[in-house]
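Quick note: residue numbers are just sequence positions, from 1.
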Amino acid sequence: MDKAQQIKKIEALVKDYFVEESTGHDWWHSHRVRKMGLHIAKEEQADVFIVEASALLHDVGDYKFHDGDEEIGGKIIEKWLLEIAINREDIDRILNIVVNLSYMKSLKNNDQPFTIEAKVLNDSDRLDAIGAVGIARTFAFGGFFKQEIHNPEIAPNLSMTHEEYKNKKSTSINHFFEKLLRLKDSMLTKSGSKIAQSRHEYMENYLNRFLDEWDGIV
Ligand code: ADP
Ligand code: NI
């Protein structure tokens with residue numbers, strides 16, 4: 001099987017896995033991260049196959065949907081990659097990126113050096129959480145978890161630990177202040193930073209307008 005066929009197989013497995021998911025964590029998220037990953041990989045001279053495979057697989061077995069189990073994703077992915085007969089070296093590179101990505105996403109301090117492919121994935125995933133699509137995903141996620149859109153009586157908590165972040169209930173608007181407005185400063189590639197800046201500005205404009213409308217300012 002050549003690499004293009006391997007990608008097709010991965011794509012089919014991921015599509016099947018995410019069928020009927022509606023928290024903004026779905027097949028189309030994987031698809032967008034793949035597109036962005038390919039774009040940034042080319043600009044940053046990263047390995048395109050590794051980035052594409054990792055992008056498709058990166059949210060499989062997310063801990064939020066498996067009772068907090070942070071290990072399960074790696075196990076499912078390894079089983080799939082072995083079935084598709086991807087070579088051991090590539091499997092390890094892909095697993096490494098996907099596992100690193102959840103470390104990077106978490107608020108744990110981690111000073112491990114990341115490969116360029118891991119950096120590309122980090123940025124592509126985070127870029128999908130900001131800008132117009134990011135706004136839609138935030139409210140979709142909030143609705144799914146029965147979280148309020150906004151509640152001015154609940155202040156954003158700007159210094160959450162990893163555990164608080166995993167367990168705490170907030171509002172969707174607070175999520176912008178607690179996480180999304182900080183993402184532009186956590187980009188790991190130059191290309192990612194540039195795109196993040198413009199999506200960040202779009203999101204800021206949106207929030208200003210939202211809060212004005214909330215207060216009856218026309
Ligand atoms: P990913 O795994 O794709 O990096 P997350 O798992 O952190 O993203 O979240 C998936 C989507 O749901 C993102 O767009 C994120 O901003 C949104 N989201 C995560 N937590 C919350 C929350 N507490 N309130 C609203 N939206 C959230
Ligand atoms: Ni993701």
J.: Can you tell me how far the CD atom of E11 sits from the CD atom of E52, to the nearest 0.5 Å?
T.: 8.0 Å

J.: Just checking, is any N or O donor in the side chain of S172 or Q147 under 3.5 Å from an acceptor N or O on the other one?
T.: yes

J.: Of all the heavy-atom pairs spanning A55 and L121, show the shortest one and how long it is.
T.: N-CD2, 3.8 Å

J.: Rounded to the nearest 0.5 Å, how far apart are CD1 of I217 and CG of L211?
T.: 9.0 Å

J.: Using the test side chain to side chain contact (heavy atoms under 4.5 Å, CB included), find all partners of Y206 that sit at least two apart in sequence or belong to another chain.
T.: I135, F139, F210

J.: Examine M187 and L181 and state if one hydrophobic cluster contains both, with Ile, Leu, Val, Met, Phe, Trp and Tyr joined whenever side-chain heavy atoms are less than 4.5 Å apart.
T.: yes

J.: Looking at residues at least two apart in the chain, or sitting in another chain, which of them share a side-chain hydrogen bond (donor to acceptor under 3.5 Å, both in side chains) with E44?
T.: S191

J.: Using the rule that Ile, Leu, Val, Met, Phe, Trp and Tyr join whenever any side-chain heavy atoms are under 4.5 Å apart, tell me whether I91 and V98 fall into a single cluster.
T.: yes

J.: Working to the nearest 0.5 angstrom, can you tell me the gap between S30 OG and K35 NZ?
T.: 13.5 Å

J.: Taking all atoms of both residues into account, what is the closest heavy-atom pair of F49 and Q6, and its distance?
T.: CZ-OE1, 3.5 Å

J.: Using the side chain to side chain contact (heavy atoms under 4.5 Å, CB included) definition, which of the options V60, L13, L57 pairs with I76?
T.: V60

J.: Are more than 12 heavy atoms from other residues, nucleotides or ligands located less than 6.0 Å from atom CD of E83?
T.: yes

J.: In this structure, which one of I86, D47, T115 forms a side chain to side chain contact (heavy atoms under 4.5 Å, CB included) with R93?
T.: D47

J.: Mind checking what makes side-chain hydrogen bond (donor to acceptor under 3.5 Å, both in side chains) contact with K3, not counting sequence neighbours?
T.: D90

J.: Applying the side chain to side chain contact (heavy atoms under 4.5 Å, CB included) test to S54, which of L101, V120, I94 qualifies?
T.: I94

J.: Taking all non-hydrogen atoms of both residues, which atom of L180 and which atom of A129 are closest, and how far apart?
T.: CD2-O, 3.6 Å

J.: When you check the gap from the basic side-chain N to the acidic O, do D123 and K119 get nearer than 4.0 Å?
T.: no

J.: Using the rule that Ile, Leu, Val, Met, Phe, Trp and Tyr join whenever any side-chain heavy atoms are under 4.5 Å apart, tell me whether I40 and I7 fall into a single cluster.
T.: yes

J.: State the CD-CD1 distance between E117 and I50, to the nearest 0.5 angstrom.
T.: 7.0 Å

J.: Could you grab the distance from atom CZ of R34 to atom CG of L56, nearest 0.5 Å is fine?
T.: 4.5 Å

J.: Taking all atoms of both residues into account, what is the closest heavy-atom pair of L95 and G74, and its distance?
T.: CD2-O, 3.6 Å

J.: Provide the closest heavy-atom pair for F18 versus W27 in the form atom of the first, atom of the second, distance.
T.: CB-N, 3.5 Å

J.: Can you give me the closest heavy-atom contact between A41 and V48, atom names plus distance?
T.: CB-CG2, 4.3 Å

J.: Evaluate the side-chain proximity of D128 to M36: yes if any heavy-atom separation is below 4.5 Å, no if none is.
T.: no

J.: Could you tell me the separation between the CD1 atom of I195 and the NZ atom of K190, rounded to the nearest 0.5 Å?
T.: 13.5 Å

J.: Can you get from Y17 to I97 by hopping between Ile, Leu, Val, Met, Phe, Trp and Tyr side chains that sit under 4.5 Å apart?
T.: yes

J.: Tell me whether I130 is reachable from Y202 by hopping between hydrophobic residues (I, L, V, M, F, W, Y) whose side-chain heavy atoms are closer than 4.5 Å.
T.: yes

